[in-house]
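Heads up, the thing below is written out as structure tokens.
Per chain, numbering begins at 1; letters A, B, ... match sequence-line order.
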Amino acid sequence: MGVKLKDIIEPKKIDFKDLEGRAVSIDAFNTLYQFLSTIRQRDGQPLCDENGNITSHLSGILYRNSSMVEKGIKPIYVFDGKAPELKSDTQTKRREIRDEAEKIYKEALKSGDTEKARKYAMRSSKLSPEIIESSKRLLTLMGIPYVEAKGEGEAQAAYLVEKGDAYAVASQDYDCLLFGAKRVVRNLAVNSNLGNLEYYELRHVLHELNITREELIEMGILIGTDFCDGLKGVGAKTALKLAKKDQLQEKLDELQKESSHDLNEVKDIFLNHNVNTDYKIKWNKPDKEGLVEFLCYEHGFSESRVVKASDKLKNLSSSQGSLDAWF
DNA sequence: GGTCACGT
DNA sequence: ACGTGACCC
């Protein structure tokens, strides 16, 4: 979900070429949810190996990343750490929605309503420990680094950009802008060659809206975030008007009266997020034999496809393509 | 979502 | 060269 800023910020259209040779920090949970919900059979059932283990996410990770690496993009995945206490309401709500969707999905599957089954299956995706562990294992075999966040992945991904370890954050959510991500890319996927690759620069967003980052955060709080409901009736456009009229604080006070959360704490989540500063990023050559072992022998993938994907990853290592290859 | 085959 | 759809596991 995340904060709804779409109505007021204008994306710049960019091309894969603009990301060539650059590292991109990717919110892993965000991506995994996307893969789990969309990579399915027509009746909504996920891809599975013969033991019943879900493999949709492995398919997504393998093919998307091998294709991105082939085009010169260097992915870094960021996994969520511990969610802030304030997120628990949102998490409970999401779990309820998922459980309900799962019930409808199972019923529709039984009654043979394929279309309905698929629709609700997509909303029922859960990230199990097995899915997270197998994703990390696959990334390692592919030679793609990942970072464990202390808190929210989006915040950690933004930190990587701040430190210069990544050029931009790739995420579908706008939250990373509130977390201070200097550059954000949306819709980063293999098919985003033409048209739908969106690029946002925090500096430009703030300049165009003529607001500060703190005001953007306050607007986000009024609109509603994962950490606290917003003020009823306030969307992005209204929030922007409030900022222009210098009425954000007034409305925040109003929201504070009815909110069970401390809004200063919410603000602090965005401004002073606990991040992991002790990470190492290194791209390695893919472990082709390991990939075949893991994906083909353990999870029933086609060997020719896996080998092909593995070969696309070959240019992936820290030294290659950069100056230190000469030293 | 990514890929491939098959269509125009 | 692009568009559609089946299939991937």
Cationic tip of A/Lys136 above A/Phe79 ring, under 6.0 Å, 45° of axis: yes
Could you tell me whether A/Phe294 and A/Phe301 have their ring centroids closer than 6.0 angstrom? no
Measure from NZ on A/Lys308 to C1' on C/dC8 and round the result to the nearest Å. 14 Å
Starting from C1' on C/dC9, measure out to CG on A/Asp43 and report it in whole angstrom. 13 Å
Tell me the interatomic distance from A/Leu47, atom CG, to C/dC7, atom C1', rounded to whole angstroms. 9 Å
Candidate nucleotides C/dC9, B/dG1, B/dT3, ranked by approach to the side chain of A/Ser59 - the nearest: B/dG1
Does NZ or CZ of A/Arg186 fall inside the cone over A/Tyr200's six-membered ring, less than 6.0 Å from its centre and within 45° of the axis? no
Remember a base hit wins even if backbone is also touched, and classify A/Thr55 as base, sugar-phosphate or nothing at under 4.0 Å, heavy atoms. sugar-phosphate
Between B/dG2 (C1') and A/Glu70 (CD): distance, integer Å: 13 Å
Separation of B/dG2 P from A/Leu58 CG (nearest whole Å): 15 Å
Spacing between A/Leu62 atom CG and B/dG2 atom C1', to the nearest angstrom: 10 Å
At under 4.0 Å, does any side-chain N or O of A/Arg64 touch on OP1 or OP2 of B/dG2? yes
Counting the atoms with a prime plus P, OP1 and OP2 as sugar-phosphate, which does A/Glu50 contact under 4.0 Å by heavy atoms, base, sugar-phosphate, or nothing? nothing
Side-chain atoms of A/Arg42 come closest, of C/dA6, C/dC9, B/dG2, to C/dA6
Tell me: CE of A/Met142 to P of B/dG2, nearest whole Å? 12 Å
Determine whether a donor-acceptor pair (N or O, by modelled atom type, separation under 3.5 Å) exists between the side chain of A/Gln256 and the backbone of A/His261. yes
A/Phe301 has its side chain closest, among B/dT3, C/dC9, B/dG1, to C/dC9
Side chains of A/Gln156 and A/Asp27 only: does a donor on one sit below 3.5 Å from an acceptor on the other? no
Within the 4.0 Å heavy-atom criterion, would you say A/Arg40 contacts the bases, only the backbone, or no part of the nucleic acid? base
How many Å lie between CG on A/Asn191 and P on C/dC2, as a whole number? 14 Å
NA contact type, A/Ser56, heavy-atom cut-off 4.0 Å: base, sugar-phosphate, or nothing? nothing
